[in-house]
*Asks:* 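Here it is: the structure, laid out below.
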Number of protein chains: 2
Amino acid sequence: MKAIVNRSSSTKERILGAAEVLFAQRGFEGASLRQLTAAAGVNLAAVNYHFGSKDKLVEQVFRRRLDTLNAQRLAALGSARESGNDRLEDVLDAFIRPALKLSHEDSGSLFMRVLARAFAEHDDSLRQFLSENYGHVMRQFTAEFARLLPHLSKEELYWRIDLVTGALTHAMSGFGMIQRKQDVSEGAHLEQTIQHLIRFAVAGLTHP
Amino acid sequence: MKAIVNRSSSTKERILGAAEVLFAQRGFEGASLRQLTAAAGVNLAAVNYHFGSKDKLVEQVFRRRLDTLNAQRLAALGSARESGNDRLEDVLDAFIRPALKLSHEDSGSLFMRVLARAFAEHDDSLRQFLSENYGHVMRQFTAEFARLLPHLSKEELYWRIDLVTGALTHAMSGFGMIQRKQDVSEGAHLEQTIQHLIRFAVAGLTHP
DNA sequence: CGTATGCTCAAACGATCGTTTGAACGCCTG
DNA sequence: CAGGCGTTCAAACGATCGTTTGAGCATACG
């Protein structure tokens, strides 16, 4: 039978947390399991025991954040359509707000850097994993953009979406611009940043 | 005395070429010197003989492309100002055109992927190298943008420039969108792409 | 109590990493 | 021809990599 109290959850979580930090700092290949387990305060063998391999650990680092992130995105998109608030700004809000909220959490900004790395790396297995598990989210948003921008050709639309996502990924990976200002509350700054990114994205998508 | 015919240039060039390919594919840490020298058809020790270390090789991979790229950018910016064509579109053209021309060369597109990797990696030594050697270029263009967009606050301007450069870097690193179409000539497609990126950047910089 | 079970641990595995070494080669110069 | 020089080469260096092993520990269950 299984143990009633699964003590391994603590170890697993500490590994995932340390992995997120080190992957953001040194990359997937640059961060070794010895650095990682030392930072997490666990034994070296714990990674292979709990995750099977380093590659599986990388997948879990993505899953832990992207499962909820993309679920929130789709939920926000759905409720926007349902309530009739489905202008371009609303669709972009549904896409941007969950990611920006995540990047303002405890170590969520580090994950955005990990995500930016994954975009830059043209590693096929990683891209395949992301496409298989989260491709439908991007597809749904793309369809929504196509509906709201019917005058754009398919090629034109894809290109603009590509440029906008590039800008957002770049910005949210924490290049210093999206930092809390001292004289405004965290909630107010988050709202300012969201409106900022939405206006930029709208301009990039709708320009003549 | 020195050898009249420097035969080592062939070896050095082959190493630099192979390094560009493998760094783009597997990253700086992921590409080993053994893979690299095997692909270049040279001996393993040749890298340390000609470049001193792997890190120095990485620097030279950047230097070989960025020296001419940024020189072209500054030259284009200078001649634009000189001839009076210094609207926002012209400044952006001076910034984008040399990079896009490079990305259409033999293996130039691979270098743009290497560059995108460098942006994603928050490695301090690499960022310091790029800032020390090519920071003045970005500073000069930023000053030009500030002159042409005087109604924007400093913070606002930096943010927009950050988003635009993120979009351009992302797009030019070859995510499939900027590919030659079959039914247009290379020169025409290059011109279309440039105008495309410029219009996007103008929209992102000037939106109200 | 005895014994599975889940987990942690130190130690070692073979492989591969960047780098160094010293001999050998080809070529120019005096 | 002799000697020096720039370059290439196979081989080895110590370090570090991801992974595996088997003993040890604690807890839950018959």
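Proteins come first, then strands; the chains are lettered A, B, ... in the order of their sequence lines, and each starts at number 1.
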*Asks:* Please report, rounded to the nearest Å, how far the P atom of D:dC9 is from the CD1 atom of B:I15.
*Replies:* 10 Å

*Asks:* For A:A167, enumerate each residue passing the side-chain contact (heavy atoms from CB on, under 4.5 Å) test, keeping only those at least two apart in sequence or located in another chain.
*Replies:* A:F200, B:L163, B:A167

*Asks:* For the side chain of A:R73 and the backbone of A:P98, is there at least one donor-acceptor N/O pair under 3.5 Å apart?
*Replies:* no

*Asks:* Toward the 5' end of DNA chain D, which comes first, B:A46 or A:E29, by nearest nucleotide?
*Replies:* B:A46

*Asks:* Backbone N or O of B:H170 within a donor-acceptor pair of the B:S173 side chain at under 3.5 Å?
*Replies:* yes

*Asks:* To the nearest Å, give me how far apart CG (A:D55) and P (D:dG18) are.
*Replies:* 10 Å

*Asks:* OG of B:S131 to CZ of B:F129: how many Å apart, nearest 0.5 Å?
*Replies:* 11.0 Å

*Asks:* With the threshold set at 4.0 Å, does a side-chain nitrogen-carboxylate oxygen contact exist between A:E156 and A:R160?
*Replies:* yes

*Asks:* Take atom CG of B:N48 and atom C1' of C:dT20, then tell me their distance rounded to the nearest Å.
*Replies:* 8 Å

*Asks:* Please check if any side-chain donor atom of A:E144 sits under 3.5 Å from a side-chain acceptor atom of A:Q140, or the reverse.
*Replies:* no

*Asks:* Before accepting this row, confirm whether a basic side-chain N of the pair A:R113/A:E20 lies closer than 4.0 Å to the acidic partner's carboxylate O.
*Replies:* no

*Asks:* Counting N and O atoms only, with roles assigned by atom type, does the side chain of A:R14 sit under 3.5 Å from a partner on the main chain of A:A40, one being a donor and the other an acceptor?
*Replies:* yes

*Asks:* Could you tell me whether the side chain of B:K154 and the main chain of B:A146 form a donor-acceptor pair under 3.5 Å?
*Replies:* no

*Asks:* What is the distance, to the nearest angstrom, from the NZ atom on B:K54 to the C1' atom on C:dT19?
*Replies:* 12 Å

*Asks:* Pull out every residue in residues 32-43 of chain B that has a heavy atom closer than 4.0 Å to any atom of DNA chain C, ordered by number, or say none.
*Replies:* B:S32, B:L33, B:R34

*Asks:* Could you work out how much the helix from C:dC1-D:dG30 to C:dC27-D:dG4 bends, comparing the axis of its first five pairs with that of its last five, to 10°?
*Replies:* 20°

*Asks:* So, is A:T11 near the phosphate of C:dT8, with a side-chain N or O under 4.0 Å from OP1 or OP2?
*Replies:* yes

*Asks:* What's the closest nucleotide to the side chain of A:H50 if the choices are C:dT8, D:dT20, C:dT20?
*Replies:* C:dT8

*Asks:* Output the rounded distance in Å from OH (A:Y49) to P (C:dA10).
*Replies:* 17 Å

